[in-house]
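Below, chain A is the first sequence line, B the second, and so on; all start at residue 1. No hydrogens, no waters, no symmetry mates; every other heavy atom, side chains included, goes into these values.
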Amino acid sequence: MSRGSIARPRFPDMESQYNHKTVESAAQTHWSAIDAYRSIENDPRFPKGKYYACSMLPYPSGKLHMGHVRNYTINDMLVRYQRMQGYNVLMPMGWDAFGLPAENAAMKSKKAPAAWTYENIRVMKAQCQALGLAFDWSRELATCDPAYYKWNQWFFLKMLENGLAYRKTQIVNWDPIDQTVLANEQVIDGRGWRSGALVEKREIPGYYLNITKYAEELLDATLHKLPGWSERLRLIQENWIGKSEGVRFAFPHDIKDADGKLVQDGKMYVFTTRADTIMGVTFVAVAPEHPLAIRAGQLNPALAPKIDALKLGGTTEAELALKEKEGVATGLFVTHPLTGEKIEVWVGNYVLIIYGDGAVMGVPAHDERDWNFAAKYGIPVKTVIGSEQLYRDCLAVSNAYQSATGGAPLSPTELLNVNWNGDIAGQLAHIARVSPEASNAVVGLAHQMRHEHFSAERGLTINSGKFDRLTFQDAVNAIAADLAAKGLGEKKTTFRLRDWGISRQRYWGTPIPVIHCDDCGVVPVPEKDLPVVLPEHHIPDGSGNPLNKDEAFLKCSCPKCGKPARRETDTMDTFVDSAWYYMRYTSANADTMVDARNDYWMPMDQYIGGIEHAVLHLLYARFWTKAMRDMGLLKFDEPFKRMTNHGMLLNHIFYTPGSHGAKNYVPPTDVKLTHDEKGHINGGTLEDGTPVLYGGIGKMGKSEKNGVDPQDLIDKYGADTARLYVMFVGGPEDAAVWSDTAVEGAMRFLRRVWTYCADRAADIANAGAVDAATLTAEQKATRFELHSALKQSNFDYERQQYNTVVSASMKMLNALEAVKPGACPSLAREGASILLRTLAPVTPHITYKLWSDLGFEKTDGALLDTEWPQPDAGALVQDEIKLVLQINGKTRGEIVVPSSADKAAIEAAAAASAEVAKFGEGRAPKKIIVVPGRLVNVVV
RNA sequence: GCCGGGGUGGCGGAAUUGGUAGACGCAGCGGAUUCAAAAUCCGCCGCUAGUGAUAGUGUGCGGGUUCGAGUCCCGCCCUCGGCACCA
């Protein structure tokens, strides 16, 4: 029975062993010769219409990494599947070629960013081709190509024209030693990442795009018009846009500036979403840059350095939430707009000048941040919100107090207004003397209040004079109306979303097409002079933007008056490049930004990329689309109908300890693993026996040295194995951990596919269609397995769950191998025909070769465009079916019934079963539940 | 801190969405083939008890709903992301 004893029928021109190198080069040569992946608008070969699927364009960092392989294989499977379904597919590719890494690389290698970038593109393109990805390379683009960024500039000028782009000063991180602007991530503990210099905040002019004009539309579409986006992604965008409805109102004051004029016309504005708590304001806090803070510094010079000190520290929401709240009292007072009370102005390090009016009202009783601030500085707390229950409890305590003391009742307000910063103990001690019960009740209330006040639940107003006992919305309405009547405020909607600052004081980007003239000011470059070409020979050295020293670039004449002028040296944020590249693919080489072809392909049917782009890129792209729409360049509202966020690839991390707690990372491939008693990895040793420590599982990356080079995989196992592995390792949206041995398993499966086909080549070539009547029981069972797996595979293709598509193929092969060569040629043929087609999108090379070698191409056409297989209804019919038998919900066995059995017959069979006799303990069935085709549950 | 995703064997993961938990694969163990090894093929493989048939138990923890819960509800724990110019 051994394999060697079987006379293997040889087939002409077919190798008996799978050789990935010859198979893959043959397939790729063929596809290239027939230009297999060129997409043409309205191609009559594809009657079902277009299907545009695109991966986010990669940054050309040097080599592909496994994340790319996964991303592009998902994309490739999608379009290959859709093409076999009859759609006219488009899958283009390009390069996000501008950006900071090229400048950093230039500093290290002394190579110009342009040369470095183009070399990387060459290498990565070759790798894409080696992977057999079905890209239409005729539409390739690089964003650093003047033919591309010309349209960034053109559209920027259009935005300037209609007010969508404007110039204002912006606050940036400035490195005084390197003379350069730093990104937030380049600031580490307040110092520049290269120079170590203390980073300053500088105000410099820059260009902004008015994305907030579209905030309402973007939010509305996020919530209602993107059904193909995940809930999670929509939520991230919703939070980012951050709509909040509240009240903007003023605290009047008579604080005057040095010239004797009222500061800000005597009105200090704040915005709040909790207008129901305005009666609880006990202080106000302003940002260190706020006019009142500046004025306080002038009036009391001792305060100025203290106020300046509050400017330090990060400004992101996360940093603000975690940092210690600090402040300085100014000795200045404003007036509460409703009560007329004097309220002291503080300067707080948690108030940002860039948010709203740069000032907040302080309600310590109902805002945890204000609470912490007030507790630290002894600011009074005034409670103005309580739940109905709390209100009733107060009355009960008051009554208890009254009956205990025989004195006057305590009002709920009195009870609730225990001053938490004052002598609570003293107050309680007094109550305790007269009534121990009341004392306990008060302590309990204090705890409960602490909990309730800061919870999201909005209770009733109390202690609020004429606004007492109102629900949240009623209180806001009443208070807003009163403020409006006094001319001091109104309801307002604000967004967290801010306008998009696109100016970068960097070299390697799209030049902003404006000219500075001493007489005319800032003048746009005329359209006919576009593109403003970036000189490509500079090698940045870290001392600021080389364009600032490039006289040839700088020197120009003013387009308005003709006098000598200076060119702008700021370049655009690279998110501008990626905001619309997917539309340039559709209109490759057009002499306009986009042309009619864009109307054919867009909106995109499927976009694929990492979740890390959930906000910036995706929001900018959506904004850009709407801006183009409003300028009449296109007719749709949203660019991406469906969005898939593939998960990260992870790997184990190992290191040897260095001095001062440093970690010397070691590639996992160099480590011989050790395991603890439960079988978990807990460390390992190097070749020479040096012990290494286990650092857990983390994202594949250069710094941890735990990346896997796809090139090694392709060389050793071939592209098909690499593709099969990355699809099999987990669902497209899940994170996946790398495993070397699992790659071997993927290779093993492909060898078995090859061997199966080679051993049955003669059967397959000569067989006709399956005649179900002539099959043996075993062959019928095999065919049932085959078509069941096909059904699963088709289901999973539709829901893009590619890991189980692969396992379905494995199930097919497991079943088909039971039919030995020569035993049933028709079934062998049907099996190969289905298996090769379901595998084609995953492993296109081996399936191409087997499909053509076995002669399917002659009967069914090229695999790329052949018809997608459907399960045969007849093959899925069984004479008898097994049902799970449960007794009282516990699985106890199974019963076999004819597939035609009705509910009564199944109930009877179940009741009569040995299991019911055994586990039912002689009791008669009370109830029998039948789930058709699945199980029967007998309740006794 | 706030918001979100996720916890299933030694490992990656499945369970067509309330119906046999662990499909498929990796690793491991036993066997066949081989002079030997590689490769390949066959079998076993959640945990506990038992030689065994079998029984009990089991999807992060604690409750609940249901004939039936990995799946639904309530309360926790852990973990990974996001929270404005790295792409």
For [X], report the nucleic acid contact type (base, sugar-phosphate, nothing); a contact means any heavy atom under 4.0 Å.
| X | answer |
| --- | --- |
| Asn239(A) | sugar-phosphate |
| Lys882(A) | nothing |
| Phe728(A) | base |
| Arg504(A) | base |
| Asp796(A) | nothing |
| Thr574(A) | sugar-phosphate |
| Val729(A) | sugar-phosphate |
| Phe749(A) | nothing |
| Leu497(A) | base |
| Ile929(A) | base |
| Trp240(A) | base |
| Gly501(A) | nothing |

The side chain of [X] lies closest to which of these nucleotides: [options]?
| X | options | answer |
| --- | --- | --- |
| Lys811(A) | A23(B), A21(B), C67(B) | A23(B) |
| Arg892(A) | G56(B), C67(B), C24(B) | G56(B) |
| Lys890(A) | U57(B), A84(B), U20(B) | U57(B) |
| Thr804(A) | G25(B), A23(B), U20(B) | A23(B) |
| Leu935(A) | U20(B), A14(B), A84(B) | U20(B) |
| Arg748(A) | A15(B), A27(B), A87(B) | A27(B) |

OP1 or OP2 of [N] versus the side-chain N and O atoms of [X]: is any pair under 4.0 Å?
| X | N | answer |
| --- | --- | --- |
| Ser807(A) | G12(B) | no |
| Arg751(A) | U40(B) | yes |
| Gln801(A) | U17(B) | no |

Query - Any side-chain donor near an acceptor of the partner, Thr804(A) and Gln801(A), under 3.5 Å - result: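 Gln801(A) and Thr804(A) do have a side-chain donor-acceptor pair below 3.5 Å.
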**Report entry** Syn or anti for G9(B) (syn when the glycosidic angle lies within 90° of 0)
**Finding:**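 This nucleotide is in syn.
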**Report entry** U16(B) glycosidic torsion: syn (within 90° of 0) vs anti
**Finding:**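 It is anti.
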Query raised in the report: Centroid-to-centroid, Tyr208(A) to Trp500(A), below 6.0 Å?
Result: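 No, too far apart.
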Query raised in the report: Would a line drawn from the ring center of Phe373(A) to the ring center of Tyr350(A) be shorter than 6.0 Å?
Result: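 Phe373(A) vs Tyr350(A): aromatic centres under 6.0 Å.
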Taking [atom1] from [X] and [atom2] from [N], how many angstroms apart are they, rounded to a whole number?
| X | N | atom1 | atom2 | answer |
| --- | --- | --- | --- | --- |
| Arg496(A) | G82(B) | CZ | P | 14 Å |
| Arg752(A) | G25(B) | CZ | P | 7 Å |
| Leu750(A) | G25(B) | CG | P | 13 Å |
| Asn803(A) | U16(B) | CG | C1' | 14 Å |
| Gln886(A) | A21(B) | CD | P | 7 Å |
| Glu817(A) | C42(B) | CD | C1' | 12 Å |

Query raised in the report: Do we get Arg167(A) above Tyr207(A)'s six-membered ring, with its NZ or CZ under 6.0 Å from the centre and within 45° of the axis?
Result: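 Relative to the ring axis of Tyr207(A), which defines the angle, Arg167(A) lies inside both limits.
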Query raised in the report: With a cut-off of under 6.0 Å to the ring centre and 45° to the axis, is Arg622(A) in cation-pi contact with Trp229(A)?
Result: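 Relative to the ring axis of Trp229(A), which defines the angle, Arg622(A) lies inside both limits.
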Query raised in the report: More 5' along RNA chain B: Lys927(A) or Asn814(A), using each one's nearest nucleotide?
Result: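 Closest to the 5' end, via its nearest nucleotide, is Asn814(A).
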Query raised in the report: Which residue, Asn937(A) or Ala746(A), contacts RNA chain B at a nucleotide closer to its 5' end, judged by nearest heavy atom?
Result: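 Result of the comparison: Ala746(A).
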Roughly how many Å apart are [M] and [N], using the [atom1] atom of each and rounding to a whole number?
| N | M | atom1 | value |
| --- | --- | --- | --- |
| C42(B) | G25(B) | P | 11 Å |
| G62(B) | C44(B) | C1' | 37 Å |
| A69(B) | G82(B) | P | 38 Å |
| U51(B) | G68(B) | P | 35 Å |

**Report entry** Arg748(A)/Glu744(A) salt bridge by N-O under 4.0 Å criterion
**Finding:**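 So Glu744(A) does not pair with Arg748(A) through a salt bridge.
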**Report entry** Check ion pair Lys243(A)-Glu238(A) (N to O, under 4.0 angstrom)
**Finding:**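 No, this pair does not count.
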